[in-house]
Chemist: 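Sharing a structure with you now.
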Amino acid sequence: MKVTVVGAGAVGASCAEYIAIKDFASEVVLLDIKEGYAEGKAMDLMQTASLNGFDTKITGSTSDYSKTANSNICVITSGIPRKPGMTREELIGINAGIVKSVSSSLIEHSPNTIIIVVSNPMDTMTYLVHKTTGLPKNRIIGMGGALDSARFKYRLAEALGAPISDVDGMVIGGHSDKGMVPLTRLATRNSVPVSEFISEERLDKVMQDTKVGGATLTGLLGTSAWYAPGAAVSGLVQAIACDQKKIYPCSTLLEGEYGLNDLCIGVPVVLGKNGIESIVKINLSDAEKAHLEESAAGVSKTNGLLEL
Ligand SMILES: NC(=O)C1=CN([C@@H]2O[C@H](COP(=O)(O)OP(=O)(O)OC[C@H]3O[C@@H](n4cnc5c(N)ncnc54)[C@H](O)[C@@H]3O)[C@@H](O)[C@H]2O)C=CC1
Ligand SMILES: O=C([O-])CC(=O)C(=O)O
């Protein structure tokens, strides 16, 4: 199993590290445009192998896509992150050009690859990959919901005073400060609805804190987060590489599902060796449907800024 990660910055390197530590891939190639940067990160990571006990071989490449040839899975993290006070949508001008050229170079060398898009604004970048590459829809996956759901579980555990392992919950919708739809109604503590333990007001705060999870970290760090994003990507990569058939909320092209068309947005999907094996349709309440539709309108508006 060969995995390429484009962008050896904060998220790309974290992603490579988590993939290696989980030790399911034979090879990870990190690629960046900064001279020597990916090679340096790869060497540093390889020097953790005996310490962390993995055999995954990590190599680096400065813009040489021949080294990525025949990758089973390619992750795109190249592009600029936001600074405090910015929205993810403001990154579109620079990141669209980067994502378009990177995806085309990847496919040239790995025509059968599955692509995971991370660069922001992620739902729109995922749509761009659809529009410009012609890859089948099951092989283009946007990562956002897995991260947002992890943050939701963190906030739920905090509110419940419970261990995170006791908590389950999912966030669908667009990966944006306003567009996320945390499904509080379906969240559970050890299969008991969380509403049995905490008030509606407290749950509403959980929802609000979850939606601004990325912005909160950007304010604290001066740039956006990388540990949880890297871990979330590694979960998706593992589900595909090991054909786990796990359900994750991912950004995928909708063609009528959830009443939405011609956009990529986060909904639950089954991940396995073919990438997106199926879109899972769950019954949403009227309020959740309205929230998702509003989120979709926001994503479509951002998609409208693409020069296609
Ligand atoms: N979808 C999600 O949940 C998340 C998305 N992100 C997004 O991921 C992206 C990367 O974030 P960071 O790693 O923090 O940024 P970073 O600045 O640390 O790393 C980005 C890397 O991309 C490289 N790069 C730029 N243009 C390139 C090109 N054409 N080819 C190859 N490499 C290129 C840069 O040299 C840099 O090393 C940002 O757009 C950020 O908003 C970040 C966290 C979560
Ligand atoms: O907040 C950002 O800009 C990066 C990101 O998507 C996240 O951490 O959720």
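Heavy-atom basis, side chains included; hydrogens, waters and symmetry copies ignored. Just follow the structure's listing: the first ligand is 1, and inside any ligand the first atom is 1. Keep in mind that this is a model prediction, so the values were computed, not measured.
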Chemist: Distance to 0.1 Å, residue and atom name: give those for the protein heavy atom nearest to atom 4 (C) of ligand 2.
Modeler: Ser224 CB, 3.4 Å
Chemist: In terms of residue, atom name and distance, what is the protein heavy atom nearest to atom 9 (C) of ligand 1?
Modeler: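 Ranking protein heavy atoms by distance from atom 9 (C) of ligand 1, first comes Thr77 O, 3.4 Å.
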Chemist: Check for me whether Trp226 has a heavy atom closer than 4.0 Å to any atom of ligand 1.
Modeler: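 Trp226: no contact with ligand 1 (<4.0 Å).
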Chemist: With a cut-off of 4.0 Å, which atoms of ligand 1 are near a heavy atom of Ile80?
Modeler: 38 (C), 39 (O), 41 (O)
Chemist: Give the numbers and elements of all ligand 1 atoms closer than 4.0 Å to a heavy atom of His175.
Modeler: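 Under 4.0 Å from His175, ligand 1 has these atoms: 1 (N), 2 (C), 3 (O).
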Chemist: Quick one: which ligand 1 atoms are inside 4.0 Å of a heavy atom on Leu147?
Modeler: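 In order of number, 3 (O), 44 (C).
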Chemist: Need the ligand 1 atom indices (1-based, order shown) with element for anything under 4.0 Å from a heavy-atom of Leu91.
Modeler: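 The atoms of ligand 1 under 4.0 Å from a heavy atom of Leu91 are 41 (O).
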Chemist: Give a yes or no on whether Leu305 and Met86 share a hydrophobic cluster (residues Ile, Leu, Val, Met, Phe, Trp, Tyr; joining criterion: side-chain heavy atoms under 4.5 Å apart).
Modeler: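 Yes; Met86 is reachable from Leu305 via cluster members.
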Chemist: Between Met143 and ligand 1, which residue portion shows a heavy-atom distance shorter than 4.0 Å: side chain, backbone, both, or neither?
Modeler: both
Chemist: Can Arg88 and Asp177 be counted as an ion pair, charged N to O under 4.0 angstrom?
Modeler: yes
Chemist: Donor-acceptor check, side chain of Lys41 to backbone of Ala13, threshold 3.5 angstrom: yes or no?
Modeler: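 The answer is no, because no donor-acceptor pair under 3.5 Å joins these two groups.
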Chemist: Do Ser71 and Thr4 have a side chain donor and acceptor closer than 3.5 Å?
Modeler: yes
Chemist: Heavy-atom contact under 4.0 Å between Thr223 and ligand 1?
Modeler: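 Contact absent.
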Chemist: Atoms of ligand 2 less than 4.0 Å from His175 heavy atoms?
Modeler: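 Contacts of ligand 2 toward His175, numbered from 1: 5 (C), 6 (O), 7 (C), 9 (O).
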Chemist: Measure from the side-chain N and O atoms of Thr48 to the backbone N and O of Leu45, and report whether any donor-acceptor pair falls under 3.5 Å.
Modeler: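 Confirmed, Thr48 side chain pairs with Leu45 backbone.
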Chemist: Can you tell me which portion of Ile33 lies within the under-4.0 Å heavy-atom range of ligand 1? Options are side chain, backbone, both, or neither.
Modeler: both
Chemist: Note the single closest protein heavy atom to atom 21 (C) of ligand 1, along with its residue, its atom name and the distance in Å.
Modeler: Asp32 OD2, 3.7 Å
Chemist: Using a 4.0 Å cut-off to any heavy atom of Leu147, which atoms of ligand 2 qualify?
Modeler: 7 (C), 8 (O), 9 (O)
Chemist: Would you tell me which option among Val118, Val11, Ile116 has the nearest heavy-atom contact to atom 4 (C) of ligand 1?
Modeler: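 Selected option, by shortest heavy-atom distance: Val118.
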Chemist: In ligand 1, which numbered atoms sit nearer than 4.0 Å to a non-hydrogen atom of Val6?
Modeler: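 So the atoms of ligand 1 that pass are 31 (C).
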Chemist: Any idea which atoms of ligand 1 are less than 4.0 Å away from a heavy-atom of Ile98?
Modeler: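 The atoms of ligand 1 under 4.0 Å from a heavy atom of Ile98 are 26 (N), 27 (C), 28 (C), 29 (N).
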Chemist: Would you mind listing which atoms of ligand 2 come within a distance below 4.0 Å of any non-hydrogen atom of Arg82?
Modeler: 1 (O), 2 (C), 3 (O)
Chemist: What atoms of ligand 1 come closer than 4.0 angstrom to any heavy atom of Ala225?
Modeler: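 Answer for ligand 1: 43 (C).
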Chemist: Which option, Met122, Lys83, Arg88, owns the non-hydrogen atom nearest atom 5 (C) of ligand 2?
Modeler: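 It is Arg88 whose heavy atom sits nearest to atom 5 (C) of ligand 2.
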Chemist: What's the shortest distance from atom 20 (C) of ligand 1 to any protein heavy atom, and which residue and atom give it?
Modeler: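 Looking only at protein heavy atoms, the one closest to atom 20 (C) of ligand 1 is Gly79 O, 3.3 Å.
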Chemist: Between ligand 2 and Met86, can you find any atom pair, the residue atom being a heavy atom, that is separated by under 4.0 Å?
Modeler: no
Chemist: Report yes if some heavy atom in the side chain of Asp123 is under 4.5 Å from a heavy atom in the side chain of Leu263; otherwise report no.
Modeler: no
Chemist: Quick test of your reading of the structure: of Pro229, Pro81, Ala8, whose heavy atom lies closest to atom 15 (O) of ligand 1?
Modeler: Pro81
Chemist: Passes salt bridge (charged side-chain N to carboxylate O under 4.0 Å, His left out), Lys301 versus Glu89? Steps please.
Modeler: CA-CA 10 Å; Lys301 193 168 163 213; Glu89 288 76 5; over 6 Å; no
Chemist: Determine, using the 4.5 Å side-chain heavy-atom cutoff (strictly less than), whether Leu236 and Met180 are members of one ILVMFWY cluster.
Modeler: no
Chemist: When Ile, Leu, Val, Met, Phe, Trp and Tyr are grouped by side-chain heavy atoms lying under 4.5 Å apart, directly or through other members, which residues fall in the same group as Ile164?
Modeler: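 Listed partners: Tyr154.
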Chemist: Do Cys264 and Thr252 touch side chain to side chain, with heavy atoms closer than 4.5 Å?
Modeler: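 In short, these two side chains do not touch, never coming nearer than 4.5 Å.
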Chemist: Just by modelled atom types, is the Lys34 backbone N or O under 3.5 Å from a matching donor or acceptor in the Asp32 side chain?
Modeler: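 Checking the backbone N and O of Lys34 against the side chain of Asp32, a donor-acceptor pair under 3.5 Å is found.
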Chemist: Which residues end up grouped with Met122 if you chain together Ile, Leu, Val, Met, Phe, Trp and Tyr wherever their side-chain heavy atoms are less than 4.5 Å apart?
Modeler: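 For Met122, no cluster forms, as it stays isolated from other hydrophobic side chains.
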Chemist: Could you check whether Glu27 and Thr59, counting side-chain N and O atoms only, form a donor-acceptor pair closer than 3.5 Å?
Modeler: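 Short answer, no.
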Chemist: Side chain, backbone, both or neither: which part of Leu217 has a heavy atom under 4.0 Å from ligand 2?
Modeler: neither
Chemist: Just by modelled atom types, is the Val117 backbone N or O under 3.5 Å from a matching donor or acceptor in the Thr126 side chain?
Modeler: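 Pair absent, no side-chain N/O of Thr126 close to backbone of Val117.
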Chemist: Residue-level breakdown please: for Arg151 versus ligand 2, do any non-hydrogen atoms fall below 4.0 Å on the side chain, on the backbone, on both, or on neither?
Modeler: side chain
Chemist: For Asn120, take its heavy atoms, then give the atoms of ligand 1 lying under 4.0 Å from any of them.
Modeler: 4 (C), 5 (C), 6 (N), 7 (C), 39 (O), 40 (C), 41 (O)
Chemist: Please determine whether salt bridge (charged side-chain N to carboxylate O under 4.0 Å, His left out) holds for the pair Asp243 and Lys245, giving the CA-CA distance in whole Å, both sets of side-chain angles, and the decisive distance to 0.1 Å.
Modeler: CA-CA 6 Å; Asp243 195 24; Lys245 309 278 198 288; 2.6 Å; yes
